[in-house]
Amino acid sequence: MAELTYREAVADAIAQEMRRDEDVVFLGEDVGAAGGVFKATVGLLNEFGSVRVRDTPISEQAILGAAMGSAMTGLRPIAEIMFSDFLAVCWDIVANEIAKARYMTGGQMSMPLVIRTANGGGSRFGAQHSQSVENWAMMVPGLKVVAPSTPADVKGLLAAAIRDPDPVMFFEQKSLYPIKGEVPDGELVQELGTAKVLRDGGDVTIAALAAMVPRALDAAGTLASDHGIEATVIDLRSLVPLDTQTILSEVSKTGRLVTVEENPRLCGWGAEIASIVADEIFWDLDGPVIRITTPHIPLPAADALEDATMPSAERIVREIVEKLD
Amino acid sequence: MAKVSQSKTGKGKSKTTSRRRSKRAAPDADQLLDYYRDMLLIRRFEERAGQMYGMGLIGGFCHLYIGQEAVVVGMQGAIDDRDAVVTSYRDHGHMLACGMEAKGVMAELTGRIGGYSKGKGGSMHMFSKEKRFYGGHGIVGAQVPIGTGLAFAAKYKNTGGVSLTYLGDGAVNQGQVHEAFNMAELWDLPVIYIIENNRYGMGTSVSRASAAKELYKLGEPYGMPGEQVDGMDVLAVRQAADKAVKHCRDGNGPYVLEMMTYRYRGHSMSDPAKYRSKEEVAEMREQHDPISNLSKVIVDAGHKTEGELKELDKEVRAIVAEAAEFAQESPEPDPSELFTDVLVNA
């Protein structure tokens with residue numbers, strides 16, 4: 001076991017896959033010489049050279065077009081969109097082209113590419129560099145959507161995404177880049193579409209994603225120590241495919257579901273999970289689903305304001321204690 | 001119709017300086033007949049598609065290529081099986097020129113399981129991996145970065161392949177086109193951007209839509225050589241294509257060809273094209289038609305008589321008739337097809 005940061009795990013996963021497969025290429029803005037604006041791709045240019053690790057112009061549509069065209073003709077590109085907010089700049093290629101290509105070709109072509117992007121708030125970057133947009137990607141048929149919360153999952157899931165024959169949107173939560181965690185030595189590849197149960201408790205099931213996972217775990221600790229409430233915590237890890245089996249079985253056990261979402265409330269992924277739970281196991285529920293989300297507002301820049309928008313461990317505790325009574 | 005102009009750029013890499021006629025040997029009879037037959041197939045196919053649309057056998061959007069046949073046929077003659085083709089939604093002609101079967105294209109138009117995309121693509125979104133035709137894209141300009149990506153892979157894998165990336169005059173004002181131009185020249189990618197200037201982006205003429213009037217010069221600021229070509233003359237197209245393909249294969253980066261052409265029909269089947277005069281259309285059809293002009297060349301050279309060309313027309317019509325029949329007899333896709341091909345590993 002080695003201790004890596006979340007950002008080191010990104011470079012580690014890309015390097016692992018580039019070593020084993022010549023068809024893997026990596027392109028994006030400042031990913032090579034600068035080592036990534038979040039320093040998540042340091043060392044890749046040195047090891048693999050400028051043919052395979054390409055610094056691009058600031059042209060998101062050209063980046064994703066290059067990725068798509070080359071994925072259709074035998075490469076396995078990894079494209080970085082520096083901030084997930086910039087997906088709006090190239091959403092045409094994501095939503096109209098990449099996501100639909102396999103279907104529109106009647107299955108003749110596959111789209112083995114990964115779009116990595118720094119997602120989410122907590123860094124005081126304001127409304128255009130802090131959004132949590134994983135729910136945008138979840139809404140488009142034909143994309144897989146992954147968002148890891150630990151360095152080990154970054155490595156294992158990113159490696160799996162690179163090997164996957166389908167297009168994967170890989171959301172790295174930018175405030176998690178400095179966190180450290182144990183990562184198994186040697187080759188690591190995990191299975192896409194699998195959630196992880198991180199904590200077992202009999203009173204309530206909390207489903208969380210990315211930066212909300214450590215906050216949910218914190219909250220679960222406080223709920224147990226201060227309020228006598230035992231929570232199960234699920235790290236969803238992937239929104240598409242969604243591990244509904246794990247979600248349904250864990251919610252059935254406790255009879256209560258709480259989603260902790262960084263995306264804005266309207267059409268956040270928790271609403272979809274609430275709907276699935278209501279459809280499938282309504283009679284197992286002992287009370288309404290509790291959704292804890294960022295409100296439906298643009299992300300503010302000021303410390304005090306941003307902290308007040310994103311679900312915190314304290315807010316998770318407060319809402320669960322209030323609503324479970 | 002069109003004067004042929006050239007834009008001399010490309011970091012001194014290009015040799016597109018001469019306006020003199022090529023000293024290349026004149027095309028032989030077989031080649032001329034191939035062009036004639038290939039253009040005629042597109043013409044007859046599109047006429048039939050238009051007819052079937054009118055009869056309600058084809059629905060949705062249907063953008064006919066009638067009038068522009070020389071462009072795709074002349075370009076296709078210059079490439080081989082290393083190369084890739086991508087275009088917009090006016091794509092039936094490109095598919096036939098790539099060697100895709102008329103039956104499969106027509107059956108996609110009628111929404112049948114025998115279509116190239118099993119009915120899931122439709123007129124604007126058809127592909128053939130086997131024939132290296134990468135769509136058929138419905139969003140104006142989106143195929144341009146994708147075609148650049150085809151060239152990126154060809155260069156990375158060192159296949160010697162060239163990407164033929166077609167776009168219309170309307171697409172040149174899309175931002176992503178310019179992103180792609182810059183990246184292609186920056187990385188010396190083997191891509192030919194073929195601007196099919198049919199004078200109208202939907203119902204708006206180039207002069208009303210584009211501040212830049214000489215579209216072949218649009219690559220110039222990036223250092224890309226460009227050339228304006230009479231796109232109604234298949235021989236002129238082929239000659240320009242040869243030069244552009246060589247430029248790309250030799251590792252000199254991208255190239256722009258502006259094909260001066262004309263669509264006889266409206267933008268789509270639902271467009272009566274009232275934004276242009278009947279006289280303008282008649283003049284193009286009567287004086288610049290790529291097929292009748294080539295038939296004159298063939299007859300005058302004594303390669304075939306008019307009667308023999310009529311026989312050829314009958315053969316082509318038979319292929320189209322067979323395609324039309326297939327497209328009506330092929331079953332509609334089963335609803336279970338809805339959920340296949342979304343992802344490889346769902």
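Within every chain, numbering begins at 1; the chains are lettered A, B, ... in the order of the sequence lines, protein sequences first and strands thereafter.
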Which answer fits A/Gln108, side chain, backbone, both or neither, if we ask what part of it has an atom under 4.5 Å from a heavy atom of chain B?
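Both parts, backbone and side chain.
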Which of [options] touches chain A most, by non-hydrogen pairs under 4.5 Å:
options: B/Gln143, B/Lys157, B/Lys118; result: B/Lys157
options: B/Arg132, B/Gln176, B/His125; result: B/Gln176
options: B/Tyr156, B/Phe152, B/Tyr116; result: B/Tyr156

Heavy-atom cut-off 4.5 Å, strictly under: side chain, backbone, both or neither for [X] against chain A?
X: B/Glu108; value: neither
X: B/Asn345; value: both
X: B/Tyr134; value: both
X: B/Thr340; value: backbone
X: B/Leu338; value: both

Between CD1 on residue A/Ile234 and OG1 on residue A/Thr246, distance to nearest 0.5 Å:
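The CD1 atom of A/Ile234 sits 7.0 Å away from the OG1 atom of A/Thr246.
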Are more than 12 heavy atoms, taken from residues, nucleotides or ligands other than [X], located less than 6.0 Å from that residue's [atom1] atom?
X: B/Glu130; atom1: CD; answer: no
X: A/Gln128; atom1: CD; answer: no
X: B/Gln328; atom1: CD; answer: yes
X: B/Glu101; atom1: CD; answer: no

